[in-house]
Amino acid sequence: MSQTRVRFAPSPTGYLHVGGARTALFNWLFARKTNGVFVLRIEDTDTLRNDEAMVRGILEGMEWLGLNYDEGPFFQSDNYAHHRAAALQLLESGNAYRDFTPKAERDDATIKQRVAEAAKQERPVNPYRALSRAESDARAAAGEPFVIRFKVPNEGKTQFVDEVFGEQERDFKDIEDLVLLRSDGHPLYNLSVVCDDIEMGITHVIRGQDHLSNTHKQVLLYQALGKPVPKFAHLPLIMAPDKGKLSKRKHGEIVSITTYRDAGFIPDAFLNFLALLGWSPDSTTHGDQEIFSRAELTDIFSLSGIHKANAVFNFTQGDARNWTDQKALWMNAEYIKTIPMETLLPFVKTELQQSSLWRDDYEGEQRAWFEQVLTLLRERARTLKDFTNHGRPYFVGDISFEFDEAAVKKNLQKDPALKDLLPQLATAFAALEDFTHDSIEALLRRIAEERGVKVGLLTNATRTALTGQSVGPGLFSVVEVIGKDRTVARLNHAVQMVA
RNA sequence: GGCGCGUUGGUGUAACUGGUUAACACGCCGCCCUCUCAAGGCGGAGAGCACGGGUUCGAGUCCCGUACGCGCUACCA
């Protein structure tokens, strides 16, 4: 059997949409699973949005997700000549005809509506369909403008089997004579995809369900061109919570893949989440499993696991903490706390570098200490950003981190006794030989008992003094990694904040 | 309007060729753990499978109809 060849064919919109990313992922998985070839082709047939900057966003998104392609990127516009040749071939073989109807006025703003209205009326038979070849040639030679239309048979129906949606059938009478070539000679989408897919030897067309209906037209084109029809697998769409279209205009940056990169997602985590949107593994072998490594996914991926109903990308607009699908957020947290330390480290390094918190000895002298801090922080991190937000106090030498107002009020200003408890703690810590978790705990508990206060008063006050926060890792561990010098300094500094 | 596709808790999904109280994950609630917050452990609420018919001893699973949603219907892709 010949090698499978699939392609991802986005139009250059300036960013990679989550839906597009999932389409790319499924193509990539299928290619890897079948030892096939994954091709990237930019569908820039629409001259209005043909710009190199528009392509960069797509490439960036794919690179971040690690969806490497074996061939491309190819640009559909580079193949215009071939598309035109194909249209001419179809004209020659009698499968297409010249339509001399004058170009209709178009208004892009209301195009959808006008199309819908126009479609309500019975479509008249195109008079040029029956024009003799001689007259057609003569009028063309005389310079009269025309489009080339495909001649859809009058009687009968066409069908194909979709790998996801099953058998598809459509009457020829429900398919219009589609335009192949515009009057300016520009090839149109349906012709271009077919030509390119033929030329690139695509064996499986895996794409969004929005192309399902048009597939019939394309099948007709393959047949008229005398080429084998590839297999098709259409993917359910990813919708907004209101089941409407998920769009950048309406939903903002949440739809763009690079947003997740910039928000501190681990690529494999997002990939994992995306894979489960519209696909599920064979339940007899992977019943309740949800966490899949990239390797596992490529191993178990199958078109038969794709389902038909649209999926909802669930999020609440305006919720800062849950700004995107909560399951995606959960999965990212899951990855952050369970992936091997050596896998996590480079991600955190990049994150710290971007906040100017990185120091090279975190990879050298301080490596053990650094890992110790990460072990504490990763436990409650949801994104990589948490390493620089909540993590900041651990990496700065001074006190250039934020003191949460509520935390100060609650943990430092609640009890005036802290006015001298804090200095006492500082002194005690300064004298502590074995500055490790257990000794620190013993010391704190001893002082609490001596002074007749709750341990919580001391730990909470210390936490806020050292990190500016009211929440965080176990306090004795925090004190240990912050170290003696910074602990003493921060405790003494915090005294001023006690009311 | 026409044509096509779809419909299992709030969300993502499971339920072999129809057969016990519809399962798992996220989220939500409670309890435990505890120096805080998470995590973790334990438990709970939440769908009777869009609705209505039918076939059958028995249907989420098969058939028909309705509703709703989505897609396509362009000299866009």
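So you know, we letter chains A, B, ... as the sequences are listed, proteins then strands, and number each from 1.
Distance, Leu443(A) CG to rC35(B) C1': 14 Å, rounded to whole Å. Computed from coordinates, the Glu167(A) CD to rC5(B) P distance equals 10 Å when rounded to whole Å. Taking atom CG of residue Asp210(A) and atom P of nucleotide rA77(B), one finds them 14 Å apart after rounding to whole Å. Atom OH of Tyr189(A) and atom C1' of rU73(B) are 15 Å apart (whole Å). Taking atom CG on Asp325(A) and atom C1' on rC26(B), their separation rounds to 8 Å, with Å as the unit. If you measure from atom CD of Gln469(A) to atom P of rC35(B), you get 20 Å, rounded to the nearest angstrom. Counting to the nearest Å, the P atom of rG71(B) and the CD atom of Gln218(A) are 18 Å from each other. Put simply, CG on Leu181(A) is 13 Å from P on rC75(B), counting in whole angstrom units.
For Lys327(A) and Asp325(A), the salt-bridge test fails: no basic side-chain N is under 4.0 Å from an acidic carboxylate O.
Residue whose closest nucleotide on RNA chain B sits further toward the 5' end, between Asn322(A) and Lys327(A): Lys327(A). Residues Glu379(A) and Glu441(A) each lie close to RNA chain B; by heavy-atom proximity, the contact nearer the 5' end of the strand is made by Glu441(A).
Counting atom types as modelled, Ser213(A) pairs no side-chain N or O with a base atom of rC3(B) as donor and acceptor under 3.5 Å.
Across all strands shown, Ser283(A) has heavy atoms under 4.0 Å from sugar-phosphate atoms exclusively, and none from any base. At the heavy-atom level, Met331(A) lies nowhere under 4.0 Å from the strands shown. Residue Asn214(A) is classed as a base contact, given a heavy-atom separation below 4.0 Å to a base. Within the nucleic acid shown, Val179(A) comes within 4.0 Å of sugar-phosphate atoms alone, with no base atom in reach, counting heavy atoms only. At the heavy-atom level, Arg149(A) lies under 4.0 Å from the strands shown only through sugar-phosphate atoms. Across all strands, Phe313(A) comes closer than 4.0 Å to no nucleic acid atom at all (heavy-atom distances). No engagement by Pro236(A) is indicated, since no non-hydrogen atom pair under 4.0 Å with the nucleic acid exists. Using a 4.0 Å heavy-atom distance criterion, Pro102(A) is classed as a base contact. Residue contacts for Ser280(A): at a heavy-atom cut-off of 4.0 Å it reaches the sugar-phosphate backbone alone, with no base atom in range.
A donor-acceptor pair is defined here as one N or O able to donate and one able to accept, closer than 3.5 Å; such a pair exists between the side chain of Thr375(A) and the backbone of Glu371(A).
In this structure rG48(B) sits in the syn conformation; its chi angle is within 90° of 0.
Arg445(A) has a side-chain polar atom (N or O) that falls below the 4.0 Å cut-off from OP1 or OP2 of rC35(B). Checking the phosphate oxygens (OP1, OP2) of rU13(B), a side-chain nitrogen or oxygen of His307(A) falls inside 4.0 Å.
Between His234(A) and Phe232(A), the angle of the ring planes stays under 30°, which puts this pair in the parallel group of the 30/60° scheme.
Here Tyr394(A) and Phe387(A) keep their ring centres 6.0 angstrom or further from each other. If you look at Phe313(A) and His251(A), their ring centroids are not closer than 6.0 Å.
A heavy-atom distance below 4.5 Å is not found between the side chains of Leu418(A) and Gln413(A).
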